[in-house]
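Notes to accompany the following structure.
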Number of protein chains: 2
Amino acid sequence: MKVTISDIAKAANVAKSTVSKVLNDSPKISRETKLRVRQIMKEMNYTPSSIATGLARQSSYNIGLLVDMSKGSEFLNQFFYNIIGGIESVIGSLKYELTIANVQHSSPEDHFLNRLVHSKRVDGIIANNSVLTEALAAELDRLQFPYIAIGEIPAPGSWVDFDNELGGRMLTQHLLTQRYSSIAFIGGQRDEKIFTRRYNGYAQALEQSGLTASQDRIINGKADEHEGYRAALTLLQNPDRPDAIVCMTNYAAFGALQAARELGINVPAELGIAAFDEYPLSRYTTPPLTSLNIDTFKLGVSSGHLLMERISGGSGLPSRHLLLEPELILRESTTRN
Amino acid sequence: MKVTISDIAKAANVAKSTVSKVLNDSPKISRETKLRVRQIMKEMNYTPSSIATGLARQSSYNIGLLVDMSKGSEFLNQFFYNIIGGIESVIGSLKYELTIANVQHSSPEDHFLNRLVHSKRVDGIIANNSVLTEALAAELDRLQFPYIAIGEIPAPGSWVDFDNELGGRMLTQHLLTQRYSSIAFIGGQRDEKIFTRRYNGYAQALEQSGLTASQDRIINGKADEHEGYRAALTLLQNPDRPDAIVCMTNYAAFGALQAARELGINVPAELGIAAFDEYPLSRYTTPPLTSLNIDTFKLGVSSGHLLMERISGGSGLPSRHLLLEPELILRESTTRN
DNA sequence: TTGTACGCGTTATCAA
DNA sequence: TTGATAACGCGTACAA
């Protein structure tokens, strides 16, 4: 049933090595031989075994995407499909396949370093920065194994991320342009890098307009609808309440909208609300939310490119960082006319 | 740098075959030998090459998930992460990895049948029924290659799906229980199996209550917010308007809610609205939507199990079908008190 | 219980 | 331009 390179060689009356060269389109094979052998391959319906090729070439033609399926990894969860699509679009055309692996390991022998790296199941790795810890990155560096992080990681790792600082500036500047002047910021934990980045952008935009970020306008916490609601309530019940809020997520913004509605505060007339992420709610709230869209497909594409660069470029390459620009989507929640 | 089975054998003063047997925990190796060899494997940081193992065993220990990244495959898109998690949870513990492959192929040689099946990159396939066409299924059957469809496909294919008919009954029966008596159905195309199933469930529930489904209560179309809005508007502007609507998707339901709001029709008092799917909007509409939740992780688990069953069970197995039960989530949009 | 020898399907290195 | 043969790393009869 299964036809191998030897069968083709026999049928074509040539040596295995000749068939192999035809497969790889070697320049040192005559035109006629190539055509004849290829013809026979069609006829016999031959496809080379990727496993045997991999063994001979010492490469799996496979790249791994690491995920932590245990903690509902909020970020990846939403954009998984797009990121995968992006990665696939670049590695696929280079004849690589994508293997998804869960980092949850029961026994130490099941650790992905063994399952994927040491066993040579993949030639390179892409992983979220929450998965790619500093210790792991160090180990991969030691092994000179190619990897790219999605999200910023410490040197000397290479990574791709969205420009969160720029995002913070964009949202805040937009609110200022719409004549909001007292802008609050809700959601996110102080010790998260992503909060720091976004907050810095927010503060920069304020400063550029001669304003300063005051700490009682900042409320940290889990960026879901409940905390968003509570945070907004706290801010809005203050007599000196803000006239705009930048929210870490669209869920937090949803909570803020609820709070405003309950307090009879009109959005956008009396209060502007802008959120960092677009999916999945921003289009569907009342009023619809002004938010920042991120091109997650492109995130996949970029990480794929960077990884392939490292795989083919050897281990001497300097580390690289890529910041992708978010896009501002204007909607009713900040449209004052 | 790389340590092979021969290195271990040399270091342990045994034959390669002995090391191999230790690796596979063969019962015909003495306790002491095993311990000693294993000790050395630890010390030398040895992990067997999955490629070499695969070649020797004629199996890749890899299963493929096929997706069509081109058309934003509405269904998979949303639940990709959960489905993958489900599949991974069952195949991962069996030492299999998951390869994601895009069925979009530029050249015929890039067709996944070559890239994955003929080249033996994967030992089995899971795919959405929109990808796994009848022709493809027939070809896989001919090759005796194990596969499972997510979503119903014609015999003799094996598949896993949600019980859409049951879902239609559940939503409709619930509405009847809430004393709604004139129930409409919007969204979905006549020629889609999924519409037929759901509609049949709806019609069955009506019949069981002595009612009949009348065709002017059914509006077909794309199940997004625009069509949902238009359909609801049409229904609700009729003097003989329905007092409840079953919607094919939460997006269509979102549109229906909009229409009701514009017409000043109170939901749930004057109009009950229930939707088939829970994510991502149903929790966040005003009022929140009663909807059907589907356990997509379980969908992944089931398809994984069925596939492994076929892989290990040989090719003589009869085809199997699995229907998963949806879960009714009660919310304000149908709560009449 | 352990070891020898060969096979798995391909690539790579030389000769011819 | 083509061919013989040795890797690649592991599994497995079969023999010892």
Side-chain angles (χ1 to χ4, degrees), chain A residues 1-38 40-41 44-62 95 114-123, chain B residues 1-38 40-41 44-62 95 114-123:
Chain A
M1 199 56 223
K2 58 192 154 191
V3 30
T4 77
I5 200 175
S6 306
D7 300 326
I8 302 296
K10 226 163 289 173
N13 247 313
V14 295
K16 288 197 312 185
S17 54
T18 304
V19 179
S20 174
K21 282 162 195 156
V22 172
L23 275 177
N24 298 291
D25 202 20
S26 161
K28 31 175 69 177
I29 294 290
S30 72
R31 191 160 205 67
E32 305 83 48
T33 312
K34 276 187 187 173
L35 289 176
R36 190 162 51 87
V37 172
R38 286 202 181 112
I40 298 199
M41 296 193 311
M44 302 185 63
N45 216 303
Y46 167 70
T47 305
S49 154
S50 65
I51 306 184
T53 306
L55 182 59
R57 287 223 181 114
Q58 294 289 72
S59 146
S60 64
Y61 276 68
N62 222 286
K95 306 288 181 197
N114 284 315
R115 272 186 25 231
L116 298 184
V117 179
H118 291 142
S119 71
K120 302 203 171 303
R121 263 186 121 97
V122 300
D123 297 344
Chain B
M1 198 61 221
K2 57 193 156 191
V3 31
T4 77
I5 200 173
S6 305
D7 300 326
I8 302 297
K10 227 164 287 174
N13 247 315
V14 295
K16 289 196 314 184
S17 59
T18 305
V19 180
S20 174
K21 281 163 194 154
V22 172
L23 275 176
N24 299 291
D25 202 21
S26 159
K28 27 175 72 177
I29 295 289
S30 73
R31 189 160 208 66
E32 305 85 44
T33 311
K34 277 187 186 174
L35 288 177
R36 190 162 52 86
V37 173
R38 287 203 179 111
I40 298 197
M41 297 194 311
M44 303 187 60
N45 213 305
Y46 169 71
T47 306
S49 154
S50 63
I51 305 185
T53 307
L55 184 58
R57 289 223 179 111
Q58 292 290 71
S59 143
S60 63
Y61 275 70
N62 221 288
K95 306 289 181 196
N114 283 314
R115 274 187 22 235
L116 298 184
V117 179
H118 291 142
S119 72
K120 303 203 172 300
R121 263 186 121 95
V122 299
D123 296 343

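Protein chains get the first letters and strands the later ones, always in sequence-line order, with residue 1 at the start of each. Predicted model, so just to flag it, every value in this text is computed and none were measured.
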Pair up each side-chain donor or acceptor in residues 50-59 of chain A with any protein partner under 3.5 Å, not counting sequence neighbours, and list the distances.
from   : atom 1 : to      : atom 2 : distance (Å)
S50(A) : OG     : S119(B) : O      : 3.1
T53(A) : OG1    : S49(A)  : O      : 2.8
R57(A) : NH2    : N24(A)  : OD1    : 2.6
S59(A) : OG     : Y61(A)  : N      : 3.3
S59(A) : OG     : D123(A) : OD2    : 2.8

Establish, with yes or no, whether the OP1 or OP2 oxygen of [N] is under 4.0 angstrom from a side-chain nitrogen or oxygen of [X].
X: S30(A); N: dT2(D); result: yes
X: T18(B); N: dG3(C); result: yes
X: T4(B); N: dG9(D); result: no
X: T33(A); N: dT2(D); result: yes
X: Y46(A); N: dT10(C); result: yes

[X] versus [Y], closest heavy-atom pair with distance:
X: I8(A); Y: M41(A); answer: CG2-CG, 3.8 Å
X: A15(B); Y: A9(B); answer: C-CB, 3.8 Å
X: Y46(B); Y: L23(B); answer: OH-CD1, 3.8 Å

Produce the list of close N/O pairs, under 3.5 Å, pairing protein atoms with atoms of nucleotides 14-16 of chain C; give distances to one decimal.
none

Kindly point out which of [options] is positioned nearest to the side chain of [X]?
X: V14(A); options: dC10(D), dG3(D), dG9(C); answer: dG3(D)
X: R57(B); options: dT10(C), dG11(D), dC8(D); answer: dG11(D)
X: A15(B); options: dT4(C), dC10(D), dG11(D); answer: dT4(C)
X: K2(A); options: dT1(D), dT12(D), dG9(C); answer: dG9(C)
X: S20(B); options: dT10(C), dG11(D), dC8(D); answer: dG11(D)
X: Q58(B); options: dC8(C), dC8(D), dT13(C); answer: dC8(C)

Rounded interatomic separation in angstrom, taking [atom1] from [X] and [atom2] from [N]:
X: L23(A); N: dA12(C); atom1: CG; atom2: P; value: 12 Å
X: K10(B); N: dT2(C); atom1: NZ; atom2: P; value: 20 Å
X: K34(A); N: dT2(D); atom1: NZ; atom2: C1'; value: 13 Å
X: I8(B); N: dG9(D); atom1: CD1; atom2: C1'; value: 12 Å
X: I51(B); N: dC8(C); atom1: CD1; atom2: C1'; value: 14 Å
X: I5(B); N: dC8(D); atom1: CD1; atom2: C1'; value: 13 Å
X: R121(A); N: dG9(D); atom1: CZ; atom2: P; value: 17 Å
X: N24(B); N: dT2(C); atom1: CG; atom2: P; value: 15 Å

Exercise. For R121(A), does its backbone N or O pair with a side-chain atom of S60(A) as donor and acceptor, under 3.5 Å?
Worked result: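 Yes, the answer is positive, given that a donor and an acceptor are paired below the 3.5 Å cut-off.
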For this session: Nearest-nucleotide wise, let me know which of S17(A) and L55(B) is further upstream toward the 5' end of DNA chain C.
Result: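 With L55(B) and S17(A) compared, the 5'-side residue is L55(B).
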Exercise. Taking the nucleotide of DNA chain C with the closest heavy atom to each, which residue, A56(B) or R36(B), is nearer the 5' end?
Worked result: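 On the 5' side of the pair lies R36(B).
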Problem set entry | Among D7(A), I5(A), T33(A), the one residue meeting side chain to side chain contact (heavy atoms under 4.5 Å, CB included) with V19(A) |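 Going through D7(A), I5(A), T33(A) one by one, the side chain to side chain contact (heavy atoms under 4.5 Å, CB included) with V19(A) is satisfied by I5(A) alone.
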Problem set entry | N/O donor-acceptor pair, side chain K16(A) with base dT10(C), under 3.5 angstrom |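 Result: at least one qualifying N/O pair found.
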For this session: Could you walk me through whether K16(A) and S20(A) pass the side-chain contact (heavy atoms from CB on, under 4.5 Å) test, one step at a time?
Result: CA-CA 6 Å; K16(A) 288 197 312 185; S20(A) 174; over 6 Å; no
For this session: Using a strict cut-off of less than 4.0 Å between a Lys/Arg side-chain nitrogen and an Asp/Glu carboxylate oxygen, indicate whether D25(B) and K34(B) qualify as a salt bridge.
Result: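 Salt bridge present between D25(B) and K34(B).
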Exercise. With a 4.0 Å cut-off on heavy atoms, is D7(B) in touch with a base, just the backbone sugar-phosphate, or nothing at all?
Worked result: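 Touches nothing.
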